Number of protein chains: 2
Amino acid sequence: MVGVSDGPAGFQAIREANLGIVLRTIRQTAPCSRAVVAASTGLTKATVSSLVADLIDRGLVCETGLVTERRVGRPGMLLTIDGSTLVAIGLEVNVDYIAVSAVDLLEREVLSRHVEFDASSAGPEACAARLREVLLEVAADPLLRDRPLVGASTAVPALIDAPAGTVTNAPNLGWRDFPLRERLTALLAGSPLEGLPLLVDNDANLGAVAEYRGGHLARTLDLVYLTGEVGIGAGVLMNGELLRGASGFAGEVGHIPLLGNGPLCACGRRGCLESLAGMDTILRRAVPELVPEGPVRGSGLGELVAETARRAEAGDAAALAALRTAGTWLGRAVATLVNLLNPSAVVLGGYFVPLAPWLLPPCRAAAAAHSFAPDGGGCRIEPSALGLSAAARGGAMALIDALDTGALPLPPATAA
Amino acid sequence: MVGVSDGPAGFQAIREANLGIVLRTIRQTAPCSRAVVAASTGLTKATVSSLVADLIDRGLVCETGLVTERRVGRPGMLLTIDGSTLVAIGLEVNVDYIAVSAVDLLEREVLSRHVEFDASSAGPEACAARLREVLLEVAADPLLRDRPLVGASTAVPALIDAPAGTVTNAPNLGWRDFPLRERLTALLAGSPLEGLPLLVDNDANLGAVAEYRGGHLARTLDLVYLTGEVGIGAGVLMNGELLRGASGFAGEVGHIPLLGNGPLCACGRRGCLESLAGMDTILRRAVPELVPEGPVRGSGLGELVAETARRAEAGDAAALAALRTAGTWLGRAVATLVNLLNPSAVVLGGYFVPLAPWLLPPCRAAAAAHSFAPDGGGCRIEPSALGLSAAARGGAMALIDALDTGALPLPPATAA
DNA sequence: TCCATTAGTTTGATGACTGAACGAATTAGT
DNA sequence: ACTAATTCGTTCAGTCATCAAACTAATGGA
């Protein structure tokens, strides 16, 4: 867990690891005194003092006052994560918008933006340029001005080579093999944000991180986040770490085969989960007369989903039937996840959220019916509480997480 | 990867981590000189010298001679993993036998035993007593005598709480909630093996480790091992680490739902993988007149599988059909694994191995047809080359692995 | 023979943690 | 009010593993 990151361990490594441990401990048990931190980490009081002093210098931790309880002995100085200085920025590129979210160390959302942008027709290069603009703009915003940045992350609905920061294949955007981080780094050269740590990842993965850090299931070490956008993707967090697989394809839950001779899927096969419980299928059955011929994409989607919810609310038979069958298939897919991964929670995100009241009951029933473990291995199935821009926030939180786990890119030098 | 294991990092921690790094480097590039190790780890020559001296003292590494190549400069002293001292012992409990395997640091099998024992009717306590006997016997064997032990592991076909060393539920043995490690530790107290690090894990997990370290797919970081015993289980190794899930249920691939109204499975549901491609189903279709009424278990299984292979070889229609359909269903399950986990290899173990010539072609075809990634994400599907006692060897190798990764329980103190 | 080159060891310095002792701040008891 | 007991945090010397650089060792080539 601690993970002095790869490579030989020297003095810096040990220091960084311990800084991470102390930071995490303070986050978990704040507000608390140095003495408590020492006791619960096993480090010496002396070491903790030194480490805390360092963290205070860097603006990660602050002293908030003395212990109020009336106990024998000198009262301790209370420590808390300092939410007033550092900030992490998360960007999310989607088919027709760029979402921005800035999060402080206390995981509070400091700023949130929604920028209209047609990423699919603009192409990757233009999008990178726009991302640069947005980033510079946001960083200069009065809310963030003069606050040091941890880094910036970008969520893309695509297959990503995260270590390299490359977008391998983004079908909905029409991008292939675009080295996004490399381009962004180049574009930011010379600007005030030069050298900022940049992170690129898949929207489902970052959605999972957002749930892990910010949702009401926070701190659940083994969870799966299901995106309900045009497709269905999964972000899998096992033991607090993202599962990526050998080539980054892990979590392509949308195309697991569920029904032998099922309906034709966009991928060319039959009976994929996406063809049974994808938005497209739900909408075509729930509000058939409103759905155009071609594939449903972009901003129209939200409207159609809302209409589906209205009709279900009103008791419309077609809408209810569509949601019931979709929920059941989703439940079978969840059962598969449960049998293979045994997560403690599966979170439904994206457009599944507004439809959750009708999807969840059949989904839970089917999941329970097809899980091997008696009670589904104790797995909860819940709608996300984070809204549509979960991936943007998740990206920002992933950066905060990197600080805590000691895999921190670089906690900024003394800001004072 | 290095992973100064949890808890605060001190001097010992950093030392152990670096010892692990050097050990692993030597294993990967042996035979090699200290200078090469220094260059490829990033550590100083001085540090490497110190670490290597330590490893030699502990009997993990030995010098084998000078560099033979004729090059300018002083020739280096070649280092290799020392396979002649330390040994790890792996035990495997199964329905009707206990398998033993001892492996040296070079991953060579030093000793292998097969002990008849009816674990299901003897009960857990008697089995633990027998394991103790076997362990003491093996440790006293001339082949192992005077060689220091890394530890002993026990593979059980069951749901395991590995950190605790407890067998949660072993349906085929009829055990529930048996604290195996605790009992073994107690039973070994007073014997020469007192204090020996003990490890308990699931047979599929340890099979995966065996493939990772010893199979012809060695060093594949992301692989899945499928056991073909009475049931079908999966050991999942992601990024070189075992996937366990929230409560140890991960890898219950035998009961993922594949067919809506499929045949009744032993678990009470319909259409599970096990009911479509389990040994029981294959045998009932391939050699119907030889299979008794009740569930097939124990030693009879091997015979029936061999007969099935013979008939398939001879072109028997029923046998071929049974294997073809089972292979196809297996392939669909593999496709699900590939879509979710994106492993670089799936290994078929247990009784799947003798049947592989007939199972593999339809399996590969179905897997390719139902994977989202173009070429199955580059996933290879191969039969295991390790035979039936893979789990025993895997357990021993897991201990060796623990040494390499620096998560080593305790490399023994100076043996000299 | 002498030099260039590479291998491995020795030596002193640095940095980070530890342990014990100390000063600080507060409550409990007389 | 004053002392004892406690608990908090800091200071200071001590330990230990790494690092950098100098040094010895062994070989090939001029």
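The shown structure was predicted, so the numbers you read here are calculated from the model rather than taken from an experiment. Reminder, nothing fancy here: chain letters follow the sequence lines and each chain counts from 1.
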If the condition is side-chain contact (heavy atoms from CB on, under 4.5 Å), which residues does B:A46 pass it with, not counting sequence neighbours?
B:T44
Return the set of residues passing salt bridge (charged side-chain N to carboxylate O under 4.0 Å, His left out) with B:R147 (not counting sequence neighbours), or none when no residue passes.
none
With respect to the side chain of A:N18, which nucleotide from C:dG19, C:dC17, C:dT9 is positioned closest?
C:dC17
Do any side-chain nitrogens or oxygens of B:R34 fall under 4.0 Å of OP1 or OP2 in C:dT6?
no
When rounded to whole Å, the CZ to P distance for the pair B:F11 and D:dG14 reads 15 Å
For B:D104, the salt bridge (charged side-chain N to carboxylate O under 4.0 Å, His left out) test, sequence neighbours excluded, returns B:R108
Let me know the distance between CG of B:L43 and P of D:dA20, rounded to the nearest Å.
11 Å
In whole angstroms, how far is the P atom of D:dC8 from the CG atom of A:L78?
11 Å
Tell me which nucleotide among D:dC19, D:dT10, C:dG8 gets nearest to the side chain of B:S49.
C:dG8
Phosphate OP1/OP2 of C:dG15: any A:R15 side-chain N/O under 4.0 Å
no
B:A35 side-chain proximity, nearest of C:dA16, D:dC12, C:dA7
C:dA7
Measure the distance from CG on A:L51 to C1' on C:dT18 and round it to the nearest whole Å.
13 Å
If you assign each of B:T47 and A:G76 to its closest nucleotide in DNA chain D, which residue comes earlier from the 5' end?
A:G76
In this structure, how many angstroms lie between the P atom of C:dA16 and the CD atom of A:Q12, rounded?
8 Å
Intermediate values then yes/no, side-chain hydrogen bond (donor to acceptor under 3.5 Å, both in side chains), B:R74 and B:S33
CA-CA 11 Å; B:R74 169 179 170 180; B:S33 67; over 6 Å; no
Polar-atom pairs under 3.5 Å, protein N or O versus N or O of nucleotides 26-30 of chain C: list them with distances, or write none.
{"from": "C:dT26", "atom 1": "O2", "to": "A:G73", "atom 2": "N", "distance (Å)": "3.4"}
{"from": "C:dT27", "atom 1": "OP1", "to": "A:R70", "atom 2": "NH1", "distance (Å)": "2.6"}

For A:D201, enumerate each residue passing the salt bridge (charged side-chain N to carboxylate O under 4.0 Å, His left out) test, keeping only those at least two apart in sequence or located in another chain.
A:R244
Check the distance between C:dA16's C1' and A:K45's NZ and give it to me in whole angstrom.
19 Å
Testing C:dG19, D:dC19, C:dA7 for proximity to the side chain of B:S33, the answer is C:dA7
Can you measure B:E16 atom CD to D:dT18 atom P for me and round it to whole angstrom units?
12 Å
Residue set satisfying salt bridge (charged side-chain N to carboxylate O under 4.0 Å, His left out) with B:E63, at least two apart, ordered chain then number -> B:R34
From the list A:I81, A:V22, A:T80, side chain to side chain contact (heavy atoms under 4.5 Å, CB included) partner of A:R27 resolves to A:I81
Between CG of A:D54 and C1' of C:dC17 the distance, given in whole Å, is 14 Å
